[in-house]
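In what follows, a single structure is set out as structure tokens and then discussed.
The shown structure was predicted, so the numbers you read here are calculated from the model rather than taken from an experiment.
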Amino acid sequence: METKGLKILIHASAFFAPCLVPVAIYIMTFFVELDDQIRRLSIQALLFQLVMGALIVVSTILSVILIGIPFLIGFVLVTIIVPIIAIVKTLQDEPYDYPIVGRWF
């Protein structure tokens, strides 16, 4: 089964449903015969979005004392840029692991 479209959907979900789509695809892997790479990728995408969301919340809180503003800008940029890089790598048929959480799974 061709899974390139599913991988792109997992990466692109960061822009419209960052937690819902990876969880739905992870649950779907138990009912539909999909390779383990899809399961691993959906967990990585979910964990990446959760970690980046927590970092953005902490940076927003620290923005009150001005130290969080550069971190907030950096984390928002990473949250936008990393899924785009992942989509491009997937279109080129190259494997991609998310930074921060990629080596956990």
Side-chain angles (χ1 to χ4, degrees):
M1 178 178 199
E2 180 61 37
T3 59
K4 183 187 262 188
L6 205 51
K7 290 177 187 177
I8 292 172
L9 178 65
I10 291 170
H11 296 309
S13 71
F15 302 113
F16 60 89
C19 293
L20 181 66
V21 173
V23 168
I25 292 175
Y26 180 75
I27 292 171
M28 187 178 74
T29 60
F30 291 110
F31 301 109
V32 179
E33 290 289 327
L34 294 173
D35 52 344
D36 289 334
Q37 187 177 15
I38 297 293
R39 182 178 293 165
R40 185 178 55 92
L41 190 62
S42 63
I43 289 294
Q44 282 184 6
L46 176 65
L47 287 176
F48 177 76
Q49 292 301 324
L50 291 175
V51 167
M52 293 310 294
L55 291 173
I56 288 172
V57 167
V58 170
S59 297
T60 303
I61 293 169
L62 290 176
S63 292
V64 174
I65 56 174
L66 298 178
I67 196 166
I69 294 173
F71 290 113
L72 181 63
I73 293 168
F75 293 144
V76 168
L77 287 175
V78 167
T79 305
I80 294 170
I81 293 171
V82 167
I84 294 172
I85 293 171
I87 291 170
V88 170
K89 293 280 189 180
T90 301
L91 287 172
Q92 296 173 348
D93 289 328
E94 296 179 21
Y96 184 76
D97 285 330
Y98 277 88
I100 301 170
V101 298
R103 292 173 187 33
W104 292 354
F105 289 93

May I ask whether M28 and V21 are part of the same hydrophobic cluster, defined by side-chain heavy atoms of I, L, V, M, F, W, Y residues being less than 4.5 angstrom apart, directly or through others?
yes

Can V51 be reached from I80 by stepping across I, L, V, M, F, W or Y side chains whose heavy atoms are under 4.5 Å apart?
yes

Please name the pair of heavy atoms, one in A17 and one in P22, separated by the smallest distance, quoted to 0.1 Å.
O-CD, 3.9 Å

Value for CD1 (I69) from OG1 (T60), rounded to nearest 0.5 Å, stands at 10.0 Å

Taken to the nearest 0.5 Å, the spacing of L9 CG from T90 OG1 works out to 11.0 Å

Shortest non-hydrogen contact between A86 and Y98, atoms and distance
CB-OH, 4.4 Å

Would M52 and F16 show up in the same hydrophobic cluster when neighbours are defined by side-chain heavy atoms closer than 4.5 Å?
yes

Interatomic distance, CG@L41 vs CG@L46, rounded to 0.5 Å, equals 11.5 Å

I want to check something: taking the side chain as every heavy atom from C-beta on, are I10 and I38 in contact at a cut-off of under 4.5 Å?
yes

Closest contact, heavy atoms only, V78 versus P83:
O-CD, 4.1 Å

Here the gap from D35 atom CG to R40 atom CZ, rounded to the nearest 0.5 Å, amounts to 9.5 Å

Common cluster, I61/F75, ILVMFWY with side-chain heavy-atom separation under 4.5 Å:
no

Grouping I, L, V, M, F, W and Y whenever their side-chain heavy atoms are under 4.5 Å apart, do L20 and L47 come out in a common cluster?
no

Is it the case that over 12 heavy atoms from other parts of the model lie below 6.0 angstrom from the CZ atom of F30?
yes

Contact between V82 and F48 at the side-chain level, heavy atoms closer than 4.5 Å - yes or no?
yes

Counterpart residues, side-chain hydrogen bond (donor to acceptor under 3.5 Å, both in side chains), relative to S59 (two or more places apart):
none

With a 4.5 Å heavy-atom cut-off, do I84 and F15 have their side chains touching?
yes

Can you see which heavy atom on K4 is nearest to which on L91, and at what distance?
NZ-O, 3.4 Å

Let me confirm one number: the CD-OG distance from Q37 to S42, rounded to the nearest 0.5 Å.
11.0 Å

Tell me whether the count of non-hydrogen atoms from other residues, nucleotides or ligands lying under 6.0 Å of CD1 in I67 goes above 12.
no

Any sub-3.5 Å donor-acceptor pair from Q49's side-chain atoms to C19's backbone N or O?
no

Aromatic rings H11 and Y96: how do their planes relate, parallel, tilted or perpendicular, breaks at 30° and 60°?
perpendicular

